[in-house]
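The structure appears below as structure tokens.
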Amino acid sequence: ICIYMHLLFISSNRIGDSLINLQVLNKYIRKNKKNIEITLVSGPLPMPIYDDYSMISRRIVLTKQKYNLHWLKLYKELSSLKFDEMVDFRSSLIGYFLKVKKRNIFKMKKDKNIYDQIHHRFDTDLKKDFKILIDRVRNIFPNSNYVCLAPFTNWPPKEWPSEQFVKIAKYLIDKGIEKIFILGSENESSKFHHFESELGDKVINRCGKQHILNDYGLLQKSRLFIGNDSSMMHMASLSKTPTIGLFGPTNDKIYFPKIFDHCHLVRSSESYESLVSKTQNYTLNNCLMNDVSYNQVIDKIENILNAKNF
């Protein structure tokens, strides 16, 4: 007889954070040899990253409401259910009001790398648990001589100027790369024209054009990935493709995936603390990435392509 474990998994509101904590969900699935039934609670934006997880039997979208009413609504949905374990990445109190045998409530420390924190707290496996489970059809590409770039972000100060990304793309094409895919969200698609006017048919707009898991499949076969600190960078790190992450006014000590050998950091010469003090409490809309060095990025690309015997 298969004994099913029933897990309540409360994930994050943001795609990047949800990708980082996916290692824990994968560990539970692996340890229970898929004899597991999962109730997932997630913000609306990250929900599609779980679309190929057949062992999720219940998907509950948690949308923030005034006066924390979303927790009351969630309690009503879950109160009749029984869970063997719960994992809560929102450090909420809801677990104490539900029928749960074992509670794992994660509280982030503000001064330690988030990949490391979760990895050590839940004893995840670096080789087996850091990935997204996807259907095999998502990463069948006849030709893998391409590179993925994610030049856009949801906050202008952490966006490396797009003319720098264009220069990088031209350099890669000169090196023999056949196609450049620009990844991003649907509302970033309007910024693509800058690339098209400079690079013509060598560049392809993938901003919100396909399911996010198809973008993950594309990343798995890519020669490399270059992007700002964004959810696409976290997705690239999980895809195991060589990843160059660009940081300025966000904290690489906490958010850069340094746990992986295939991830490479280039940050502005000015420190995170100094830059973030200029953002006027995150209200600024100017670019703070101008001193991220083009030559440093080129050096990292050279090292990656040479290691791959390009």
Side-chain angles (χ1 to χ4, degrees), residues 143-185 187-209 215 218-219 221-237 239 241-250 252 256-257 262-272 275 278 284-310:
N143 177 354
S144 65
N145 186 20
Y146 60 82
V147 166
C148 294
L149 306 181
F152 314 126
T153 70
N154 53 7
W155 188 49
K158 66 174 182 176
E159 207 169 279
W160 203 36
S162 58
E163 52 272 20
Q164 295 282 43
F165 277 104
V166 168
K167 266 168 72 182
I168 292 287
K170 286 178 174 171
Y171 172 84
L172 288 164
I173 290 161
D174 286 346
K175 292 286 277 183
I177 297 290
E178 285 168 29
K179 291 280 181 210
I180 307 284
F181 288 92
I182 305 293
L183 299 178
S185 63
N187 56 1
E188 290 162 348
S189 186
S190 58
K191 303 179 189 175
F192 174 74
H193 62 86
H194 185 154
F195 288 85
E196 198 169 28
S197 62
E198 293 276 349
L199 302 160
D201 63 356
K202 288 282 184 190
V203 68
I204 295 165
N205 180 5
R206 278 281 287 240
C207 297
K209 299 289 182 194
D215 290 338
L218 187 75
L219 283 163
K221 298 284 175 76
S222 180
R223 297 308 277 268
L224 66 123
F225 165 89
I226 305 158
N228 308 300
D229 171 23
S230 66
S231 57
M232 276 299 167
M233 182 204 67
H234 295 295
M235 194 185 278
S237 78
S239 78
T241 206
T243 296
I244 300 172
L246 312 175
F247 279 74
T250 53
D252 53 283
F256 177 69
H262 63 269
C263 292
H264 310 271
L265 170 68
V266 179
R267 70 153 295 110
S268 58
S269 47
E270 196 171 339
S271 73
Y272 155 69
L275 286 171
K278 295 178 180 177
L284 184 83
N285 272 333
N286 308 1
C287 171
L288 291 175
M289 296 280 281
N290 288 316
D291 72 340
V292 169
S293 155
Y294 170 81
N295 290 336
Q296 261 186 289
V297 177
I298 292 292
D299 286 346
K300 300 277 186 198
I301 292 171
E302 287 284 316
N303 290 341
I304 290 164
L305 293 182
N306 290 340
K308 293 260 179 178
N309 300 320
F310 184 65

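All heavy atoms count here, side chains included; hydrogens, waters and symmetry mates do not. What you see is a predicted model, and the numbers here were worked out from it, not measured in a lab.
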Task: Minimum heavy-atom distance Arg223-Ile177, with the two atoms named - done: CG-CD1, 3.9 Å
- [ ] Please check if the side chain of Gln164 supplies one atom and the backbone of Pro161 the other of a donor-acceptor pair under 3.5 Å.
- [x] no
TODO: Might you point out which heavy atoms bring Pro151 and Phe195 nearest each other, and give the distance in Å?
DONE: CG-CZ, 3.6 Å
Task: Glu270 side chain near Lys278 side chain, heavy-atom distance below 4.5 Å - done: yes
TODO: Measure the spacing between CZ of Phe152 and NE2 of His194 and express it to the nearest 0.5 Å.
DONE: 9.0 Å
Task: Spacing of CD1 belonging to Ile226 relative to CD1 belonging to Ile298, to within rounding of 0.5 Å - done: 7.5 Å
Open item on the list: Quick one: does any side-chain atom of His262 pair with a main-chain N or O of Ser237 as donor and acceptor, under 3.5 Å?
Closed with: yes
- [ ] Using atom types as modelled and distance alone, determine if a side-chain donor or acceptor of Ser293 lies under 3.5 Å from a backbone N or O of Gln296.
- [x] yes
Task: Minimum heavy-atom distance between Lys221 and Ser144, given as atom pair plus value - done: O-CB, 3.2 Å
TODO: Report the residue from Asn303, Ile304, Ile301 that forms a side-chain contact (heavy atoms from CB on, under 4.5 Å) with Pro242.
DONE: Ile304
Open item on the list: Between Glu198 and Lys170, does the side chain to side chain contact (heavy atoms under 4.5 Å, CB included) criterion hold? Intermediate values first, please.
Closed with: CA-CA 9 Å; Glu198 293 276 349; Lys170 286 178 174 171; 2.8 Å; yes
Open item on the list: Measuring centre to centre across the rings, with the benzene-like ring taken for any Trp, is Phe247 within less than 6.0 Å of Tyr272?
Closed with: no
Task: Check: Ser230/Asn228 side-chain N/O donor and acceptor closer than 3.5 Å - done: no
Task: Close side-chain approach of Ser268 to Leu288, heavy-atom, < 4.5 Å - done: no
Open item on the list: One pair to check against side chain to side chain contact (heavy atoms under 4.5 Å, CB included): Trp155 and Thr250. What are the steps and the verdict?
Closed with: CA-CA 10 Å; Trp155 188 49; Thr250 53; 4.2 Å; yes
TODO: Mind listing the closest non-hydrogen atom pair of Pro156 and Asn285 along with its distance?
DONE: CB-O, 3.3 Å
Task: Rounded distance (nearest 0.5 Å) linking atom CD1 of Ile180 with atom OH of Tyr146 - done: 12.0 Å
Task: Nearest atoms (heavy-atom pairs only) where Ala169 meets Leu149 - done: CB-CD1, 4.2 Å
Task: Heavy-atom check, side chain of Ile168 versus side chain of Val147, under 4.5 Å - done: no
Task: Test item: Lys158 side-chain N/O and Asp229 main-chain N/O as donor-acceptor pair under 3.5 Å - done: yes
Task: Test item: Trp160 side-chain N/O and Leu246 main-chain N/O as donor-acceptor pair under 3.5 Å - done: no
Open item on the list: Please check: side-chain N/O of Lys179 versus main-chain N/O of Asp201, any donor-acceptor pairing under 3.5 Å?
Closed with: yes
- [ ] State the CG-NZ distance between Leu172 and Lys202, to the nearest 0.5 angstrom.
- [x] 11.5 Å
Open item on the list: Working to the nearest 0.5 angstrom, can you tell me the gap between Leu218 CG and Ile204 CD1?
Closed with: 8.5 Å
- [ ] Take Glu159 and Lys191 through the test side chain to side chain contact (heavy atoms under 4.5 Å, CB included) and record every step on the way to the result.
- [x] CA-CA 12 Å; Glu159 207 169 279; Lys191 303 179 189 175; 3.5 Å; yes
TODO: Report yes if some heavy atom in the side chain of Phe181 is under 4.5 Å from a heavy atom in the side chain of Asp215; otherwise report no.
DONE: no
Task: Where Leu224 and Ser222 come nearest, the two heavy atoms and their spacing - done: O-OG, 2.8 Å
- [ ] For the pair Asp252 (side chain) and Arg267 (backbone), establish whether a donor and an acceptor sit closer than 3.5 Å, ignoring hydrogens and angles.
- [x] no
Open item on the list: As an exercise, state the distance from CG of Leu265 to OG1 of Thr243, rounded to the nearest 0.5 Å.
Closed with: 12.0 Å
